[in-house]
Amino acid sequence: MERANATTSSGFILLGFSSRPHVETVLFVVILIIYFLSFLGNGTIILLSILEPRLHTPMYFFLSNLSFMDLCLTTCTVPQTLVNFKEKDKTITYGGCVTQLFIALGLGGVECILLAVMAYDRYAAVCRPLHYMVIMHPQLCLQLVIIAWLIGFGNSVVQTALTMTLPFCGKNQVDHFFCEVPVMLKLACANTFINEAELFAVSVFFLVVPLSLILVSYGHITRAVLKIKSAQGRRKAFGTCGSHLLVVIIFFGTLISMYLQSPSSYSQDLNKSIALFYTLVTPLLNPLIYTLRNKEVKGALKRLVERTIDSRES
């Protein structure tokens, strides 16, 4: 127990890719560029959703929440990762590790639920167009987002408490670039069977259930699209749905491969790469796939730029 307390007081060492310094140098540049582009893209979506009245719709309300979550997720993990890649001291305090674990878990849970809500929103828009605004009224949209945040962070409180109250013995080295539940369980010097079983059950709830609802929603959407007589209309609808499903499959696929396995079979190098992917690439893809290729968003961005120029000239 004394060794566990020593680990608690001294914090943890995030090993990252320290065994391959040349990889860290390349990753530093790549991650910095992706983080900047992700911040710019998601920030633009949030700004346009607030300032452009034509985007005050359920879909863009959910998208702005998704962009906000992506910004928070990348900011929670990326700055610490970049610092560790450049500094010899790769230590993170115990409090910093708890905070990182809590925020990343909470945001991941919220995003899983929100993606399912967004799929239902698209189902209502495509399959029930005449009743869309009645079904997805502003009060319901707000309630769904609040419920997603409460469930996501409620689960995070439980998961973080169960994980960080375990005794951590021996070396305080975390073979990852940020604090994550499966990695922290490997550091514990106690039986983690209950933790692993509980983590598996929660992962099924947050990953398998929302993914199933999303696939059902898009199944109904596909059936409705096939009834469209216009070939151009079908291509446009399938292009939009296909790109949305691509983001969903990438996000859920990476998380399922991380959380629906036993930490004892956890492959560090592979899962560090997967974690980099869902904390960096997915937040970058979301604004590109969902909105920045959308004519409504392009038009809103153009009008915002024109108003900014006009205001400066006057």
Side-chain angles (χ1 to χ4, degrees), residues 14-20 22-42 45 63 66-85 100-101 103-116 118 152 156 174-184 186 199 203 206-208 210-211 214 242-263 265-293:
L14 297 172
L15 295 179
F17 296 92
S18 55
S19 59
R20 286 167 285 179
H22 60 286
V23 173
E24 287 194 339
T25 303
V26 174
L27 281 176
F28 178 87
V29 177
V30 173
I31 290 173
L32 185 62
I33 293 172
I34 293 177
Y35 180 56
F36 172 76
L37 293 176
S38 176
F39 199 93
L40 182 65
N42 286 293
I45 299 308
L63 283 171
L66 182 65
S67 291
F68 177 70
M69 279 185 294
D70 285 338
L71 280 179
C72 293
L73 179 61
T74 52
T75 303
C76 166
T77 58
V78 170
Q80 179 73 52
T81 301
L82 293 175
V83 170
N84 287 348
F85 281 175
Q100 200 174 62
L101 184 68
I103 294 175
L105 265 175
L107 291 173
V110 175
E111 185 155 350
C112 290
I113 297 173
L114 187 61
L115 286 172
M118 291 169 66
S156 184
V174 179
D175 193 9
H176 212 303
F177 57 91
F178 71 98
C179 294
E180 198 168 34
V181 173
V183 186
M184 302 307 294
K186 293 191 74 172
L199 178 63
S203 298
F206 278 96
L207 297 174
V208 178
L211 180 58
I214 290 169
S243 59
H244 290 187
L245 275 175
L246 176 63
V247 173
V248 167
I249 289 170
I250 290 173
F251 178 75
F252 280 97
T254 52
L255 285 179
I256 286 172
S257 67
M258 289 280 290
Y259 283 91
L260 291 184
Q261 63 169 305
S262 171
S265 62
Y266 196 75
S267 172
Q268 292 305 118
D269 286 341
L270 175 61
N271 285 288
K272 277 187 279 190
S273 302
I274 292 174
L276 270 176
F277 201 82
Y278 79 76
T279 55
L280 278 170
V281 178
T282 305
L284 176 64
L285 286 177
N286 282 341
L288 291 175
I289 297 258
Y290 277 108
T291 51
L292 295 183
R293 21 187 335 263

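When a residue number appears, it is its place in the shown sequence, counting from 1. Since we're looking at a predicted model, the values are computed, not measured.
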Applying ring-ring contact (aromatic ring centres under 6.0 Å, His included), name anything that partners Phe178, two or more places apart in sequence or on another chain.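 For Phe178, the residues satisfying ring-ring contact (aromatic ring centres under 6.0 Å, His included) (neighbours in sequence not counted) are His176.
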Is [Y] close to [X] at the side-chain level, that is, under 4.5 Å between some pair of heavy atoms?
X: Leu115; Y: Phe252; value: yes
X: Ile250; Y: Val281; value: no
X: Lys186; Y: Val174; value: no
X: Thr282; Y: Leu73; value: no
X: Leu27; Y: Phe85; value: yes
X: Leu63; Y: Met118; value: yes

Just verifying a value: how many Å separate [X] [atom1] and [Y] [atom2], rounded to the nearest 0.5 Å?
X: Leu211; Y: Phe251; atom1: CG; atom2: CZ; result: 11.0 Å
X: Leu107; Y: Leu114; atom1: CG; atom2: CG; result: 11.5 Å
X: Ile33; Y: Phe28; atom1: CD1; atom2: CZ; result: 10.5 Å
X: Phe206; Y: Leu105; atom1: CZ; atom2: CG; result: 9.0 Å
X: Thr77; Y: Leu101; atom1: OG1; atom2: CG; result: 12.5 Å

Mind listing the closest non-hydrogen atom pair of [X] and [Y] along with its distance?
X: Glu111; Y: Asp70; value: OE1-OD1, 3.0 Å
X: Cys76; Y: Ala104; value: SG-N, 4.1 Å
X: Pro210; Y: Cys112; value: CB-O, 3.5 Å
X: Pro182; Y: Leu199; value: CG-CD2, 4.4 Å

Partner residues of [X] under the side chain to side chain contact (heavy atoms under 4.5 Å, CB included) criterion, sequence neighbours left out:
X: Thr74; result: Tyr35, Ser38, Val78, Pro283
X: Leu71; result: Phe39, Asn42, Ile46
X: Thr254; result: Ile274, Phe277, Tyr278
X: Ile34; result: Val30, Leu280, Leu284

Under the side chain to side chain contact (heavy atoms under 4.5 Å, CB included) rule, what do Ile103 and Ser156 come out as? Steps first, then yes or no, please. CA-CA 8 Å; Ile103 294 175; Ser156 184; over 6 Å; no
Non-neighbouring partners of Gln100 that pass side-chain hydrogen bond (donor to acceptor under 3.5 Å, both in side chains), sequence neighbours left out: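 side-chain hydrogen bond (donor to acceptor under 3.5 Å, both in side chains) list for Gln100, sorted by chain: empty.
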Taking disulfide bond (SG atoms under 2.5 Å apart) as the test, write out the residues that go with Cys179, two or more places apart.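 If we apply the disulfide bond (SG atoms under 2.5 Å apart) test to Cys179, skipping adjacent residues, the hits are Cys97.
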Show your reasoning for whether side chain to side chain contact (heavy atoms under 4.5 Å, CB included) applies to Phe177 and Thr81. CA-CA 6 Å; Phe177 57 91; Thr81 301; 3.4 Å; yes
